[in-house]
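I have placed the structure first, in the form of structure tokens, so that the comments after it can refer back to it.
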Amino acid sequence: MDGGARGDMNTLEQMKEELKQNIGAAVIAAGLASQEELPEVMLEVPRDKSHGDLATNIAMQLARIAKKNPRQIAEEIVEEMNRNKGFIKEVQIAGPGFINFFIDRSSLSKILLEMDQQKDDYGRTDTGAGEKVLVEFVSANPTGSLHLGHARGAAIGDVLCNVLETAGYDVTREYYINDAGNQIHNMTLSLEARYREALGLEAPFPEDGYRGPDIVRLGEKLAREEGDRLEQMEEAERHAFIRQYGLTHLLEKIKEDLGDYRVKFDSWFSEQSLHDSGAVQESVEELTKRGQTYEKEGALWLNSSSFGDDKDRVLVKQDGSYTYITPDIAYHRNKYNRGYGRIVNIFGADHHGYVPRMKAAMAALGYDVDQMTFLITQMVKLYQGGELVKMSKRTGKAITLVDLMEEVGVDATRYIFASRSPDSHLDFDMDLAVSQSNENPVFYVQYAHARINSVFRQAEERGYAVQVDPESLSALQEEPEFDLLQKLAEFPEEIATAARQLAPHRVARYLYDLSTLLHSYYNAHRVIQEDEKLTRARISLLLGVAQVLKNGLRMIGVSAPEKM
RNA sequence: ACGCCCGUAGCUCAGUGGAUAGAGCAGCGGUUUCCUAAACCGCGUGUCGGAGGUUCGAUUCCUCUCGGGCGUACCA
């Protein structure tokens, strides 16, 4: 905890809390419901401004309990509340029984003072109460380059982690390295073949090999560095060497590319370490001890169908080796044992079949499955020149993360992925993403930030101090100014909601909406003008907007330029 | 066959147990002696895929159904 910034409710939250209590008290005072019957009072910001600044549907919720029609109930609640007004300027009953509250606008400008205190911390809440959360994402096999799907997973995972942190969770970002299975053997054979090709030797390519250009390049590099020395080795020795060489370099490249993409992990967790420590074997033994395994046809099976899986799964094959699921069980068991209250796994849709399996395994081990959430990111289709770009695993042809960063840029790529719901099937339009025009939404938000800074530069030239001036705030009287203030006040709650719903794309939407308000305001009202007090007030307001844009863009990993 | 995701305006996508379902793009028409026009303002008759059900109220929840994507190994 860092003192004042976290934990304190901001102005809007205080108002809402106070109002909720007043409403609840009024319901009881009017004899409409007892304390026990009282539903939770819901207060929301109506879409339509003519419906007030805050509204509650409590009267409708009470219809059954009080056995009266909602409008009648609303009347009685309002009757009780009239003695207790405060910051509420006006109350109206509308529609089927909504109670709409209109806020005294002058009270909202206080938010700018809070923001001025909190600066980069504005938006933080203690919603998560410091709960430990492990977020595993990307976790691509170290067998080649990261592609389009990983780019989406990386962006969503990273933004989600930022959101969770801002909402007061204690987040660990983890990448699970599948450095022990069959696919690594495949990588080894593929790299060996490319190495031999680079030496000009006859080299049949393995059936299920990795055909990407990255392995070709790595094979050439290996040939340059080692010459034909490896050819003199025993096969086992050579494979061990190539395997390690490939793993090291491919993983390094993945780290480097993710770094360029502004994604950093706290932890790189090796599958091999689970084998080395005996954790895999231990997990099998634990499941057996719990009576959740059985032998059949020479294999060891997990009784996963008793825990919601379609069928039972093999843990140890006839030949004594593990299936891929077994080390994964050890891995997730390890996550639980590290004491995380919440475990979030972000997977691509092509692996979603794995979810019931892993949940079943954890349930069989006696863990609380509800602590573990799987966030599935849906497929990305890439369009270029109006046509679908085909990917091919067989030929290794695929658009990589590096391609996207080079052709589209990190800001636009991250913004596009971050602004879509994880479970929407995404059409990624390269032409639109690259375009430097108003078609590209990332510029819209960045431009709002740059515009404000441009105003600040002008203001400074004219001798204004670019800082919040508490004395001037009463000059903010225009409708769009109130809209902006209200939007700014909602920011912390928006982040908290995004965290609770594991919905990082809400942040991008929020920033877009805020930018709309800003651009509209900018076009309608001049910041710098004759009236100095008003000018100072508007500078104060824009400082708040710039701060939230900056904080929000930082959260989605997009730059906030001061000039464009 | 079964499981998961999606189906909302011409296109790309938001959204929600509530009031008249929204935004961008595309299209049409306006705005610049004025802090950046990458902007703003105006113009939308949508079976919220379809049918039932729960509810005072369903696009939202449940069931069924149609269409698309993905997945269902002693591969990973």
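All of these numbers come straight from a predicted model, not from anything done at the bench. So that the names make sense, note that chain A is the first sequence line, chain B the second, and so on, each numbered from 1. Values reported hereafter were calculated over all heavy atoms of this structure, with side chains retained and with hydrogens, waters and symmetry mates removed.
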Any idea which of [options] is nearest the [X] side chain?
X	options	result
A:D350	B:C74, B:G71, B:C13	B:G71
A:Y522	B:A39, B:G69, B:C35	B:C35
A:Y512	B:C75, B:A73, B:A23	B:A23
A:R420	B:C13, B:A76, B:C40	B:C13

Please tell me if [X] has a side-chain N or O lying less than 4.0 Å from either OP1 or OP2 of [N].
X	N	answer
A:K381	B:C6	no
A:K296	B:C74	no
A:S520	B:A39	no
A:R451	B:A37	yes
A:K317	B:C75	yes
A:S424	B:A14	yes
A:Y444	B:C40	yes

In whole Å, measure the gap between the [atom1] atoms of [N] and [M] for me.
N	M	atom1	answer
B:G46	B:A51	P	16 Å
B:C41	B:G49	C1'	36 Å
B:G44	B:G3	P	44 Å
B:U12	B:G7	C1'	14 Å
B:C2	B:U55	C1'	32 Å
B:U54	B:U59	P	15 Å
B:C25	B:A38	P	14 Å
B:U8	B:G50	C1'	14 Å

Would you call the rings of [X] and [Y] parallel, tilted or perpendicular if under 30° counts as parallel and over 60° as perpendicular?
X	Y	answer
A:F417	A:F428	tilted
A:H332	A:F374	tilted
A:Y331	A:F269	tilted

Taking any heavy-atom pair under 4.0 Å as a contact, classify [X]: base, sugar-phosphate, or nothing.
X	answer
A:M564	base
A:H51	base
A:R462	nothing
A:H351	base
A:E297	base
A:N141	sugar-phosphate
A:R71	nothing
A:T323	sugar-phosphate
A:S421	sugar-phosphate
A:I376	nothing
A:A63	nothing
A:N57	base
A:A448	nothing
A:H449	nothing

Flag the pair A:I103 / A:F101 as yes when at least one side-chain heavy-atom distance between them is below 4.5 Å, and no otherwise.
no

Below 4.5 Å, heavy atoms only, C-beta onward: do A:Q92 and A:F98 meet side chain to side chain?
no

Inspect the surroundings of CE in A:M42 and state if more than 12 heavy atoms from other residues, nucleotides or ligands are less than 6.0 Å away.
no

Is there a Watson-Crick or G-U wobble partner for [N] with both distances under 3.5 Å, and if so, which one is it?
N	result
B:C35	none
B:C2	B:G71
B:G42	B:C28
B:C48	none
B:U54	none
B:C13	B:G22

Give the C-alpha distance, both sets of side-chain angles, the deciding distance and a yes or no for salt bridge (charged side-chain N to carboxylate O under 4.0 Å, His left out) between A:K296 and A:D312.
CA-CA 11 Å; A:K296 190 176 90 180; A:D312 291 347; over 6 Å; no

Rounding to a whole Å, what distance do you find between [X]:[atom1] and [N]:[atom2]?
X	N	atom1	atom2	result
A:L518	B:A38	CG	C1'	14 Å
A:E478	B:C40	CD	C1'	16 Å
A:N345	B:C4	CG	C1'	16 Å
A:K311	B:U72	NZ	C1'	6 Å
A:I416	B:A23	CD1	P	21 Å
A:D429	B:G24	CG	C1'	13 Å
A:D427	B:C25	CG	C1'	14 Å
A:Y354	B:C5	OH	P	18 Å

What about A:N100: does its side chain form a donor-acceptor pair under 3.5 Å with the base of B:A19?
yes

Examine the base of B:G7 for any acceptor or donor lying under 3.5 Å from a partner atom in the side chain of A:H425, and report the outcome as yes or no.
no

Donor-acceptor contact below 3.5 Å, side chain A:T535 vs main chain A:I528:
no

For RNA chain B, whose closest nucleotide is more 5', that of A:P96 or that of A:I528?
A:P96

Could you check A:R506 against A:T516 and say which one's nearest nucleotide on RNA chain B is further toward the 5' end?
A:R506

Determine, stepwise, if the pair A:Q72 / A:E76 fulfils side chain to side chain donor-acceptor pair (under 3.5 Å).
CA-CA 6 Å; A:Q72 171 72 31; A:E76 293 176 27; 2.9 Å; yes

Salt bridge (charged side-chain N to carboxylate O under 4.0 Å, His left out) between A:K335 and A:E174: does it pass, once the steps are laid out?
CA-CA 10 Å; A:K335 287 183 178 176; A:E174 186 159 283; 5.4 Å; no

